[in-house]
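In what follows, chains carry the letters A, B, and so on, assigned in the order in which the sequence lines appear, proteins first and then strands, with residues in each chain numbered from 1.
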Amino acid sequence: MIRRVLLIVAVLVALAAIAFWALRPGGFARKTTASLTPVPAPTPTPAPETRVMLLFPGTDGALHPELRTVPLPAELNQRVRVIVSQLLAGPTARLLPVAGYPARLLDVFIDGRGNAYVDLSSPPQPLTGSFNELMLAYSIVDSVLLNCQELKGVQLLFDDHEVQTLTGHLDLSRPLALNKSFIAAQ
Amino acid sequence: MAGVPRTWVRLPPPPPCFYMRSITHILALLVVLFLAALPAQAQPAGTVTFSFDGNVAQVPRFGSRIELMPVLQLIGAQAGYSQAAGTYVIQLGNHQIQITPQVRFALVDGELEKTNDAAVVSPGGIAVSESYLDRVILSPFAYHLERSGAGYRIAPGAMVAPVVTVRAAAADFGTTTTLVLTLSRHVAVTVTAGAGRELLVHFSDARPQLDGSLPMRSRRIVAIRAAANTLKIELAPGQGLLASHQLTGPDRVIVEVGRRPPTPVPTPVARARKPKRPTIVIDPGHGGADSGAVSASGLEEKVVSLAVATRLATLLKRDGYVVRLTRAGDETRALTDRTALANRLDAVAFISLHANASTVSSVRGAETYYMSLHDATDAHAAETARKENAAGAPGRRGGSQLDLILWDMAQARVLNRSALLALDIQRQLNSFLDLPDRGVKQAPFVVLTGATMPAVLVEMGFLSNPAEAGQLADPAYRQRLAEALARGIEEFLRSSS
C-alpha cells in the first residue's frame, strides 16, 4: 500500500516538473507560438575561379591593371569583399599599394540603389596629399565597379563612419562613380 | 504525570483514511510550491515583459540591451541570418531591414541609415538597445515602443517617421533661384512660407535626411536644415517663395525662390556705368590647424600655397583684375566657405592652389583638376528625369521642366569652361616649368563643389619629392610658378571673352 502511495507521489512530482519546464521562457509553450523561420546556413560550395582586373596606382598618378585569377563568389557582397581584399593585399607587379597604410577591410554593404559601401580601417595618422586620397579611392571604386557591373557607385567608410574627405580634397561623403580618367591608357 | 509508569505499546496500523489525508497534504504542498514558483516564471530575473496585440512575451535582457529574436516573434516578423554577408535580414510585410552586429548602419528598405548605436551578438543571436529597437526595427514596420509598467507595449504607428533622403541642389538663374530637392522615394510634400526668411518643406509621415552631395549654387539660399518632419530653408534678405511643385521619375520637389521685380521707376537721366572689372578668387589650400602635406625638411603645404597665391594675386591685379584670396594669412577656412566667397563675389574664375604628397618619394610633377559632378547614379537619374519630362506627362508644368533642363545645362557649361581653364593652366605649367606632365583630370573635390564659375584645383608639385620640395621652398621658383599660373588664367579669360 505504502509503495503504491509513493508511486503516485512520484508520478505527481514528475508531472509538476514537466509543467514547470513547459511554462518557463523558451519552453514548450513558446516554441508553439514561434513565427520565426531561421534561414539555414547555405551549404558552402567552392566559388569558381574567375579572372578579375585590379587597378593599382603607379608613380605616374594613373591606375594600372593587374589581372588575377581568384575564387569569385556569385553573391555580390562577397564579390566586393574579394575584390577589395585582393587590392589591400597589394600589387604583385612594380606598382604602388592602394593605401599608404596597412588598411583592413571591416565590412561591405550593398544598398537597394546599386551602391556598395566599403568600410575600411582608418589611417593611424592623418593622410596628406590629394595623390594618396585619389589613388586609394579610385583603386577601390574603379576596381569594384569594373568587376561588379551591376553596381553604380562605391562609397568609402572609415571605421564605420562616413567622412567628408580624407586629406581635405576629395568628396567622400557620397558614392563615387567609375572615373576612367585615372586609368592608364594602354 | 510524575510517578506514572511509562509503557511503550505498539499501535495498530492506521486506517486507510490516514494515508488519504497524508496524500492530500502532500498534494496541497506540491500545489503551494508550484503556485509559489509561478510568479518567478512570469518575470524571471533578467527579463522584461513585452506586450503586443494581446500577447505577452518575457524577453531576456543582455546587459543594457534586449534580445531581439523574441520581440520579432511577438510581432510576427520573419528573421534570417545570412552567413555570407554576416547580416540579419528581418522581414515584415513589404518592409525589410538588414542589420549587422557591431555596425552603426542599417539597411532599411534598401536605404542606408545611420544608427546611434550598434546591435551586438548575444546568446539569443542579436541584442539591441531600447532606442535601436524603437527607431530602427519597429519604426519601419509602423510600430513604436511604449513604457507599460515595468515592461513595454509595442503599439501601432511609427513614433519616428521613416527616413527619406533628400539631395538638395540649387542654381541661380537671373533674378530667381531653382532649388531641386531629389527624394529617395515618393513622399507627399507641402511647401509654405515660414516665419521671417524661412521656407518650410513639410514631409508627410517621413523624416528628411539631407544628403549634401550636390552643389548649392545660390546666393539666395543661405542654409537648409532638417528638423523632424520638416526641411527649413533659410533665404537671403528680401527673398521669398515664388512657386513650388512636385515631380516624379525621379521624385523631386522644385522650389522657385526670388524677389518679385519692383516696378521700374523712370529716371530722367540714365547714368552710364563704368564696366565692372572681373574678379578672380585664389584659394591658398589648407591653412591654420590644417597644414596639409609636409616635406621631409618641414616645409608645409599651407605655407607654399599662400606664398604662390600672394604672388599670383599681385600679378593678376597688375593686369587689371580684382583679386580676392580666400585666406590672407595662416587661417583655418572651411572648404565650403572658400567656394561660397567666389560665388558671392560673382568671380569669373576660382583657382585652388595645393602641393601634393605621396608615400613614394620618386613621384613628382604638377596636375590640374576640375570638377567631376556626374557620377553614374546622378547621370542615370538626370537621364531618367529628362526622358520622362520630355515625354510631356500630363499635369506637369512646362516652366519647371525648362528650369531643370536649364539647371543641367548651366552645370554642363560650368564644367566645360572649367575644363578649358584647367587645360590652359596645365599647358603653361608644363611648358614654362619643365615639370612632368601629369595631365588634366576630373574628380569630385569638395572645394570645387558648388562653384558657379570655372573652378580648378592645381597641385603644383610633390612635397614628398626632395627635389620638388626644394624648388617649392625657393622664392624665385614660386615667382615663376605664379607667372605660369597667371598666364594660364589670362589666356583662358581672353579666349572666353
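- Between B/Ser358 and A/Met135 the shortest side-chain heavy-atom distance does not fall below 4.5 Å.
- In this structure, chain B has heavy atoms under 4.5 Å from both the backbone and the side chain of A/Gln164.
- For chain A, no part of B/Tyr88 is nearby; none of its heavy atoms comes within less than 4.5 Å.
- Open room surrounds CZ on A/Arg104; 12 or fewer heavy atoms of other groups in view lie less than 6.0 Å from it.
- Both the backbone and the side chain of A/Ser130 come within contact range of chain B, with heavy atoms under 4.5 Å apart.
- Interface residue B/Glu301: only side-chain heavy atoms are found under 4.5 Å from chain A.
- Across every non-hydrogen atom of A/His161 and B/Phe105, the tightest pair is N-CE1, 4.3 Å.
- A/Gln125 CD: 12 or fewer foreign heavy atoms inside a 6.0 Å radius.
- A/Asn179 touches chain B through its side chain: at least one heavy atom from C-beta onward sits under 4.5 Å away, while N, CA, C and O do not.
- Scanning both residues, A/Phe182 and B/Lys441, for their nearest heavy atoms gives CE2-CD, 3.6 Å.
- With respect to chain A, the highest number of heavy-atom pairs below 4.5 Å among B/His354, B/Arg364, B/Glu367 belongs to B/His354.
- Comparing B/Val363, B/Asp290, B/Val446, B/Thr359 by heavy-atom pairs within less than 4.5 Å of chain A, the highest count is held by B/Val446.
- The minimum heavy-atom distance linking B/Leu457 with A/His169 is given by the pair CD1-CD2, 4.4 Å.
- Interface remark: A/Leu127 contributes no atoms to any contact with chain B (heavy atom separation under 4.5 Å).
- When all heavy atoms are compared, the tightest approach of B/Ala443 to A/Leu170 is CB-CD1, 4.0 Å.
- The OG atom of A/Ser181 sits 8.0 Å away from the OH atom of B/Tyr370 when rounded to the nearest 0.5 Å.
- Of the two parts of A/Leu134, only the side chain, counted from C-beta on, holds a non-hydrogen atom closer than 4.5 Å to a non-hydrogen atom of chain B.
- Taking OG1 of A/Thr165 as the start and CG of B/Leu335 as the end, the distance is 7.0 Å to the nearest 0.5 Å.
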Q. Given A/Phe131 and B/Phe462, is the ring-ring contact (aromatic ring centres under 6.0 Å, His included) satisfied, shown in steps?
A. CA-CA 9 Å; A/Phe131 176 85; B/Phe462 279 80; 5.6 Å; yes
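- For A/Tyr101, no part lies under 4.5 angstrom from a heavy atom of chain B.
- Proximity to chain A is limited to the side chain of B/Ser362, based on heavy atoms less than 4.5 angstrom apart.
- Distance check, rounded to the nearest 0.5 Å: CG of A/Asp171 to CZ of B/Phe445 gives 10.5 Å.
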